[in-house]
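Okay, so here's the structure we're looking at.
Atoms within a ligand are numbered from 1 in the order they appear, just like the ligands themselves. Being a predicted model, the structure only gives us computed values, none of them experimental. Side chains are part of it too, since the values below use all heavy atoms of this structure and drop only hydrogens, waters and symmetry mates.
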Amino acid sequence: MPKAITPDSEIQALKGVGPKQAEAFRRLGVRTVGDLLRLYPRGYEDRRKLCTIAELVPGEACRFVALVASTPTVARLANRRTVLQFRAVDETGSVRISYFNLPYLKNQIHVGQTYQFYGRVTKNNYGLSMISPEMEPLVGDEAPEGAILPVYPLTAGLSRKQVISAMRAALDACGDNVSEILPPEVLAAHDLADAGSALAELHFPASDEALARARRKIMFEELFLLAAGLALLKNRRAKLSGRRYPPVDDRPLRGLLPFSLTNAQERVIAEGLADLASGRLMNRLVQGDVGSGKTLVGAFLAYHVIQNGDQAAMMAPTEILAAQHYATLEKIFAPLGIRTVLLTGKMPAAARRAALAEIASGEAQMIVGTHALISGGVEFSALGLVICDEQQRFGVAQRAALSAKGCDPHMLVMSATPIPRTLALILYGDLDLSIIDELPPGRQVIDTFLVGQPMRQRVEAFVRKQKAEGHQTYIVCPAIDESDMDELKSVTEYAESIAETVYPDLAVACLHGRMKSAEKDAIMADFVSGKTDVLVSTTVIEVGVDNPNATLVVIENAERFGLSQLHQLRGRVGRGKAKSYCILISAHTDAATKERLGILCKTNDGYEIARKDLELRGPGSFFGQAQSGLPSLRMASLATELPLLHEAQAAANELLAADPTLSASGHTALKAQVEQLFSTDQGNTFN
Ligand code: ADP
Ligand code: MG
């Protein structure tokens with residue numbers, strides 16, 4: 001008796017899968033039969049329709065039945081290649097069929113026999129022809145029932161036929177006993193297919209409707225797991241005890257500020273202080289438009305922690321930003337007798353050692369650095385609060401790393417990406433959300449213009465005018481695919497060419513994401529110090545960079561950017577007292593582009609822009625930015641499945657309300673799956 005095959009069986013247990021194939025499957029991440037069942041099709045081929053030869057449409061793939069009407073001939077080509085050819089006919093016409101480098105097929109193809117073909121036909125002066133169609137002898141008179149066939153990701157040593165046959169074997173062997181992850185009441189309430197039939201129909205759908213139903217179930221399940229995982233994280237954290245920091249008198253800090261806080265800042269600080277005093281662990285996201293004063297909110301919370309005797313750390317994504325924050329915080333904390341320390345990878349070894357010693361001894365109270373602060377071998381004396389600036393999502397893994405060090409600090413994440421609230425609540429389902437929805441008074445409006453190519457000379461004159469007035473300019477090139485060397489070259493070449501031909505009189509530098517961070521920081525430092533007049537850059541300047549002396553940002557091919565991203569880029573100017581400008585250059589003159597980019601010319605309100613962007617482009621742009629740090633989904637795309645995501649989230653919340661830790665006996669499989677989805681190199685996130 002062969003052993004029964006289960007989803008946990010090694011893939012080799014399937015009939016027809018040998019060691020070589022198993023090895024190839026492993027390259028696709030498939031070890032077990034269960035893994036194979038979860039190798040989802042990339043797409044489908046609709047082979048239901050049976051055409052006559054006359055009905056074949058050049059360029060389109062179709063299935064047809066035809067008789068081999070001529071003896072296959074094999075011709076030799078250059079380089080030892082061969083081509084085998086014959087003619088296939090039905091009552092309506094004929095096709096020339098060719099196979100390259102398969103001379104032995106000659107003995108397997110018989111004149112006068114009928115075959116079923118599937119392939120893409122082309123048409124030229126000599127008639128119809130087809131290269132390498134799939135070909136099978138017809139058994140009996142009738143063509144077999146057509147089907148929708150899956151298309152799988154493949155790898156060397158593994159053909160589509162092999163994957164399909166292994167998949168069929170897997171479904172036959174254990175398609176019916178894949179375990180259902182979602183509880184029956186959820187399946188019923190949301191009209192979802194059961195696990196077995198969803199898998200079967202996903203791989204070999206009987207109809208379009210069956211496929212849609214299978215996809216819906218599988219995507220729902222993924223989104224449900226995601227939402228449940230985030231909610232579970234939040235529930236867990238809500239119960240984790242955090243050190244209690246009662247509010248202190250912060251009048252000394254307020255007294256140092258040359259302005260009063262905005263109402264929004266006050267509200268968000270109060271929300272954070274309530275967390276700090278609650279005895280529960282804070283895990284809060286502060287969203288606020290560019291320039292809304294997030295740094296200060298962080299500084300207030302840090303102040304309360306420090307006055308309670310512990311340390312606070314602020315982390316920035318780049319060294320340049322870390323240095324900027326250090327300068328800001330040092331300036332307000334020094335007069336209060338609070339010791340602020342900067343720790344970066346670039347520091348000379350002696351200075352770094354000294355900083356590390358201060359951090360370990362507790363002498364350093366406010367510590368500013370890059371993310372290396374928590375990943376490197378930094379020992380804190382009593383780290384009570386971590387503030388993470390301009391990071392969409394404080395990685396689950398990073399938090400685990402901190403916990404592993406025995407620290408469980410309160411966590412504040414600050415982000416300038418104005419994501420509409422409904423979306424933020426899902427994307428950051430594990431965080432509490434505070435929004436700074438007000439800018440400090442008197443903030444200047446950045447005048448924004450949309451211009452076409454003919455205005456280029458005037459734009460150039462305007463760049464020179466900034467220089468004449470002692471100011472600087474950013475020129476942003478379209479987002480390049482950082483892996484594309486050709487495009488990359490175009491940015492540096494573009495910078496060089498405008499440096500030589502357009503602005504020979506100005507100091508032009510170029511910045512892009514592929515540079516080493518030390519190089520980037522050096523170029524930014526030159527720009528901030530005023531050595532550079534014009535900084536040609538990719539979107540790497542998008543995040544938080546502060547040079548108050550820059551008054552103009554010119555954005556090339558503006559139509560290629562999302563509105564929110566343009567708004568972020570625009571936020572690089574208007575940071576000082578001088579009047580600032582943004583010029584969007586676009587050669588596209590169609591009404592839709594003009595309308596979209598026109599929004600930016602009309603308003604400076606990031607949330608208004610985000611709402612419009614959501615209306616015009618759908619949620620994809622937001623998910624793209626925010627998704628990093630979330631577990632990746634195999635099938636569902638957060639960008640396109642918004643309604644289903646809402647439905648799944650509501651269902652997950654409902655279930656968790658009844659069973660907050662998923663410990664009911666019927667939820668074992670579900671819990672295991674959620675944990676697996678959220679597991680990291682650091683191990684189980686939920687422990
Ligand atoms: P962001 O939210 O983009 O990080 P910052 O914290 O860098 O904004 O603040 C932008 C500028 O606004 C800083 O120069 C800061 O000193 C100033 N600022 C912050 N809060 C206020 C306020 N309440 N009134 C006036 N200026 C403020
Ligand atoms: Mg900031």
Side-chain angles (χ1 to χ4, degrees), residues 250-251 253-272 284-303 312-335 340 366 368-371 386-392 394 412-419 433-446 524 528 540-551 553 564-578 580 582 604-607 609-610:
D250 57 17
R251 273 174 301 183
L253 177 55
R254 288 171 187 271
L256 283 172
L257 300 178
F259 44 71
S260 50
L261 297 177
T262 62
N263 291 332
Q265 282 172 314
E266 293 285 8
R267 189 185 66 242
V268 172
I269 290 170
E271 286 166 353
R284 186 169 288 279
L285 170 69
V286 173
Q287 275 196 346
D289 204 350
V290 186
S292 60
K294 293 184 290 293
T295 317
L296 214 50
V297 168
F300 266 80
L301 298 188
Y303 180 79
M314 185 178 284
M315 302 193 305
T318 64
E319 303 232 338
I320 248 307
L321 266 183
Q324 277 172 16
H325 284 323
Y326 171 74
T328 306
L329 293 171
E330 150 77 18
K331 199 164 130 210
I332 52 177
F333 282 157
T340 305
M366 179 79 232
V368 185
T370 56
H371 291 121
V386 171
I387 301 162
C388 219
D389 188 29
E390 302 294 357
Q391 165 133 348
Q392 305 296 340
F394 185 76
L412 188 76
V413 183
M414 306 195 293
S415 165
T417 310
I419 294 175
L433 185 62
S434 290
I435 296 183
I436 312 184
D437 50 5
E438 180 188 358
L439 291 182
R443 199 39 64 80
Q444 65 162 288
V445 167
I446 300 161
M524 266 321 295
V528 171
V540 290
I541 56 149
E542 185 180 348
V543 164
V545 169
D546 193 19
N547 176 6
N549 194 48
T551 47
V553 55
S564 290
Q565 196 179 16
L566 288 170
H567 178 65
Q568 287 288 314
L569 290 167
R570 171 167 69 177
R572 295 311 109 215
V573 300
R575 302 175 82 82
K577 293 203 177 54
S580 297
C582 171
N604 269 248
D605 176 345
Y607 283 91
I609 289 165

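- For the 3.5 Å distance criterion, the side chains of S434 and E271 qualify, holding a donor opposite an acceptor.
- With a 4.0 Å heavy-atom cut-off, ligand 1 is reached by the backbone of D289 but not by any atom from C-beta on.
- G293 CA, 3.7 Å is the protein heavy atom nearest to atom 9 (O) of ligand 1.
- For ligand 1 and S260, the ligand atoms under 4.0 Å from any heavy atom of the residue are 22 (C), 23 (N), 24 (N).
- At least one N or O atom of G291, backbone or side chain, sits closer than 3.5 Å to an N or O atom of ligand 1.
- For atom 6 (O) of ligand 1, the closest non-hydrogen atom on the protein side is T295 OG1, 2.7 Å.
- By the 4.5 Å heavy-atom criterion applied to side chains, R575 and N547 are not counted as neighbours.
- In terms of protein heavy-atom proximity, atom 13 (C) of ligand 1 is closest to R443 NH2, 5.0 Å.
- In the vicinity of L261, heavy-atom distances shorter than 4.0 Å reach the ligand 1 atoms 23 (N).
- Backbone and side-chain nitrogen or oxygen atoms of L296 are examined, and none is located within less than 3.5 angstrom of a nitrogen or oxygen of ligand 1.
- Under 4.0 angstrom from ligand 1, there are no non-hydrogen atoms of M414.
- Annotation for ligand 1: atoms under 4.0 Å from non-hydrogen atoms of T262 are 23 (N).
- Counting only heavy atoms, the protein gets under 4.0 Å from atom 21 (C) of ligand 1.
- Note that atom 27 (C) of ligand 1 has protein non-hydrogen atoms nearby, at separations under 4.0 angstrom.
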